[in-house]
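Below is one structure, written out as structure tokens; comments come after it.
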Amino acid sequence: MSEEKSLNFLEEIIEEHLKQGTYKSIVTRFPPEPNGYLHIGHASSICLNFGLTKKYPGYTNLRFDDTNPETEETEYVDSIKEDVRWLGFEWKHERYASDYFGSLYRFAQQLIDKGLAYVDESSSEEIAALKGTPTEPGKDSPYRNRTIEENRDLFTRMKNGEFPDGSRTLRAKIDMAHINMLMRDPILYRIKHAHHHRTGDEWCIYPMYDFAHGQSDSIEEVTHSICTMEFIPHRELYDWLIEKLEIYPSQQYEFARRNINYTVTSKRKLLQLVNEKFVTGWDDPRMPTISGLRRRGYTPESIRDFCDRIGVAKRDNLVDVGLLEFCVREHLNKIALRRMVVFDPLKVVITNYGQEEEILMSENNPEDEGAGSREIPFSGEIYIERDDFMENPPKKYFRLAPGQMVRLKSAYIIKCEEVIRDAEGTITELRCTYIPESKSGQDSSGINVKGTLHWVSARHALLAEVRLYDRLFRVEDPADEEGDFKDYLNPDSLQVINKVYVEPALHGATPGERYQFIRKGYFVLDRESNGNSLIFNRTVGLKDSWAKKGG
RNA sequence: UGACCCAUGGUGUAAUGGUAGCACUACUGAUUUUGGUUCAGUCAGUUAAGGUUCGAAUCCUUAUGGGUCAACCA
């Protein structure tokens with residue numbers, strides 16, 4: 001019965017490998033650098049790498065590419081681990097490139113011994129000058145032909161801290177005229193007298209990406225090393241090093257990173273937004289970070305579903321954020337508890353109801369009978385949404401208007417009899433009558449109304465704060481615009497409503513529960529809430545075909 | 001004026017020489033005690049030109065367009 005889902009190009013490669021017996025099982029890795037928080041683009045890579053070893057025999061390691069102590073911190077390591085777990089994945093081994101500094105150092109010595117690496121004393125400017133350009137070959141460094149003994153000695157002294165930062169590098173000896181710039185004697189090691197988040201002051205030389213990543217893959221016997229397309233030119237060097245070092249032949253495969261419109265996914269840019277206070281932090285709910293999405297109320301299920309739907313391929317892309325929103329709505333619709341909250345209150349007095357009150361029942365989730373129901377107090381004075389009333393309504397307006405009837409959700413049908421105004425002419429109150437026989441669940445009135453409104457009983461309502469979020473940028477692709485990307489921030493990305501009126505059932509709201517404020521959207525309790533205050537973040541609004549029609 | 005990667009509806013992704021499909025979006029309509037959900041339907045695509053073939057989105061050539069490469073970042 002089940003329709004076979006087509007394979008992405010990596011799954012095809014792996015199935016072929018498994019079929020041919022190239023591998024019996026596979027090993028992948030997710031290799032973040034701990035210099036920032038993970039974002040939605042990383043989620044794609046996480047789902048890919050971990051997803052592959054869920055589908056095929058094998059496992060996935062979490063490996064931190066921590067070879068640049070100047071930008072890396074333990075805070076980032078912790079956040080990355082939390083985010084991967086939250087997304088629902090468990091790694092086999094937790095590893096660090098820094099675990100391999102000793103092996104990497106010995107690999108470098110082997111290269112020196114084979115005459116394939118040398119210590120260069122050129123400055124970074126001099127190296128750049130001799131590098132050539134994509135269309136012109138480079139020139140050999142004057143230090144290129146030192147003896148092996150000299151190189152060994154110099155490299156040892158680099159490690160021993162005898163030289164200042166930037167004064168020397170270890171370079172592979174390949175070909176300065178190579179068509180691939182990365183093969184023009186790439187730098188393997190540089191001197192940095194910097195404190196490393198894990199190895200402390202043990203080392204003052206650190207390997208470059210190209211001399212750490214592939215070697216780490218190899219040490220872990222990673223079979224399929226999956227990275228993004230900008231690393232394609234690195235593959236030649238990746239292979240060269242593995243061949244010369246005669247180590248386990250991990251293979252690199254590349255896919256196109258996923259881009260999403262109206263946001264940026266560059267750790268450098270996100271860091272800028274954080275540092276320059278354009279957002280409140282890495283987990284600001286407007287951020288495309290995993291932690292931001294989590295605080296915003298996204299579920300791991302919805303993010304996994306999103307990654308699954310956008311797929312894996314090799315072409316440039318700009319995915320519509322609307323798809324992410326669709327995924328979270330789809331999930332939240334099934335699990336969110338329905339609650340009634342009035343954002344902009346308009347008082348309604350039900351003139352024939354009297355001073356008493358009663359308890360009504362309402363289902364917690366019409367999509368899930370198991371979610372049960374809750375009690376809602378009703379009384380003769382309630383609040384409805386100000387924009388649920390119009391004095392001169394257009395055709396097909398189903399809400400309240402003079403002489404018109406609406407259903408109050410889970411309660412009665414009411415009819416608007418009178419509009420009360422203050423001295424300025426602002427509507428301050430509506431006088432309505434209710435139809436006693438129309439009680440929800442036992443309606444014998446025979447009246448059919450088109451509109452149903454949410455409401456809260458005025459004397460039972462609690463106060464809360466809601467934070468409404470919109471896209472962070474006003475343009476689809478901020479990174480592609482002229483000038484500073486920050487000039488394209490959306491000034492209305494955050495709207496705070498300090499006082500909204502919520503039904504009493506929200507009193508014990510917990511951060512783990514998801515809510516749908518009926519007709520308003522999906523909300524989650526923010527971590528800044530406490531015993532005295534309820535603060536809700538809007539995850540995403542409901543689809544609104546009335547607003548779209550210009551209603 | 002080099003090398004490499006890529007090109008299918010508005011967006012994302014399938015079709016692996018044999019009926020261009022799926023999802024999102026948009027638009028209709030039905031249902032609805034959320035103008036939500038659900039259901040039914042509609043619009044919409046192979047960058048171009050040659051070639052190979054009975055047959056090409058798929059293979060070849062050229063062109064065009066987009067991306068990547070000149071960090072002691074990853």
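Chain letters run A, B, ... following the sequence lines, proteins first, then strands; residues in each count from 1. Just so it is clear, the values below take in all heavy atoms, side chains as well, and ignore hydrogens, waters and symmetry mates.
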query: If you draw the axis of the six-membered ring of A:Phe343, does the NZ or CZ of A:Lys520 fall within 45° of it and under 6.0 Å from the ring centre?
result: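 Yes, A:Lys520 and A:Phe343 form such a contact.
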
field: Cation-pi, A:Tyr96 ring and A:Arg198 (6.0 angstrom, 45 degrees)
entry: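 Yes, A:Arg198 sits over the ring of A:Tyr96.
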
- prompt: For the atom pair CD1 (A:Ile205) and CZ (A:Arg168), what is the distance rounded to the nearest 0.5 Å?
  reply: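 Those atoms lie 13.0 Å apart.
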
query: About how many Å separate SG of A:Cys416 and CZ of A:Phe389, when rounded to the nearest 0.5 Å?
result: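 The SG atom of A:Cys416 is 4.5 Å from CZ of A:Phe389, to the nearest 0.5 Å.
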
Contact class for [X] vs. all strands (heavy atom < 4.0 Å): base, sugar-phosphate, or nothing?
X: A:Arg258; value: sugar-phosphate
X: A:Gly451; value: nothing
X: A:Lys520; value: nothing
X: A:Ile413; value: nothing
X: A:Thr71; value: nothing
X: A:Phe231; value: base
X: A:Gln516; value: base
X: A:Pro366; value: base
X: A:Ile179; value: sugar-phosphate
X: A:Ser410; value: base
X: A:Ser266; value: nothing
X: A:Val312; value: sugar-phosphate

With distance as the sole criterion, do the side chain of [X] and the base of [N] form a donor-acceptor contact below 3.5 Å?
X: A:Ser440; N: B:U33; answer: yes
X: A:Arg407; N: B:U33; answer: yes
X: A:Arg329; N: B:U37; answer: no
X: A:Arg399; N: B:G35; answer: yes
X: A:Glu367; N: B:U38; answer: no

Scan nucleotides 19-24 of chain B against the protein and return all N/O pairs shorter than 3.5 Å with their distances rounded to 0.1 Å.
unit_1, atom_1, unit_2, atom_2, d
B:A23, O2', A:Arg309, NH1, 2.7

Go through the structure and list residues passing ring-ring contact (aromatic ring centres under 6.0 Å, His included) with [X], not counting sequence neighbours.
X: A:His454; value: none
X: A:Phe255; value: none
X: A:Phe155; value: A:Tyr105, A:Tyr189
X: A:Tyr298; value: none

Distance, rounded to the nearest Å, where [X] contributes [atom1] and [N] contributes [atom2]:
X: A:Asp65; N: B:A71; atom1: CG; atom2: C1'; value: 16 Å
X: A:Phe306; N: B:U25; atom1: CZ; atom2: C1'; value: 14 Å
X: A:His234; N: B:C73; atom1: NE2; atom2: P; value: 13 Å
X: A:Glu136; N: B:A3; atom1: CD; atom2: P; value: 15 Å
X: A:Lys409; N: B:U32; atom1: NZ; atom2: P; value: 14 Å
X: A:Asn180; N: B:G2; atom1: CG; atom2: P; value: 17 Å
X: A:Arg315; N: B:G12; atom1: CZ; atom2: C1'; value: 8 Å
X: A:Ile127; N: B:A71; atom1: CD1; atom2: P; value: 11 Å

field: Contact under 4.0 Å: A:Thr67 side-chain N or O vs B:C73 OP1/OP2
entry: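 Result: no.
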
Expressed as a whole number of Å, how far does the [atom1] atom of [N] sit from that of [M]?
N: B:A56; M: B:G18; atom1: C1'; value: 10 Å
N: B:U58; M: B:U46; atom1: C1'; value: 10 Å
N: B:U33; M: B:A23; atom1: P; value: 28 Å
N: B:C60; M: B:A7; atom1: P; value: 13 Å

- prompt: Under 5.5 Å between ring centres and under 30° between planes: does that hold for A:Tyr209 against the base of B:A74?
  reply: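 It does not: the two rings, one from A:Tyr209 and one from B:A74, miss the stacking criterion.
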
query: In which stems does RNA chain B show up, taking only runs of three or more Watson-Crick or G-U wobble pairs whose two distances fall under 3.5 Å?
result: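 As far as RNA chain B goes, consecutive pairing (with distances under 3.5 Å) yields the stems B:2-7 with B:64-69, B:10-13 with B:21-24, B:26-30 with B:38-42, B:47-51 with B:59-63.
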
task: Could you check A:Asp443 against A:Arg407 for salt bridge (charged side-chain N to carboxylate O under 4.0 Å, His left out), going step by step and ending with a plain yes or no?
output: CA-CA 11 Å; A:Asp443 185 346; A:Arg407 155 80 58 189; 2.8 Å; yes

Pair A:Arg309 + A:Glu330: basic N to acidic O under 4.0 Å: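 Looking at A:Arg309 and A:Glu330, the cut-off is met.
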
message: Tell me the closest heavy-atom pair linking A:Ser445 and A:Ile435, and the distance in Å.
response: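 Nearest pair, atom of A:Ser445 first, then A:Ile435: CB-CG2, 4.0 Å.
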
Closest contact, heavy atoms only, A:Glu230 versus A:His234: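 For A:Glu230 versus A:His234, the nearest heavy atoms are O-CD2, 3.9 Å.
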
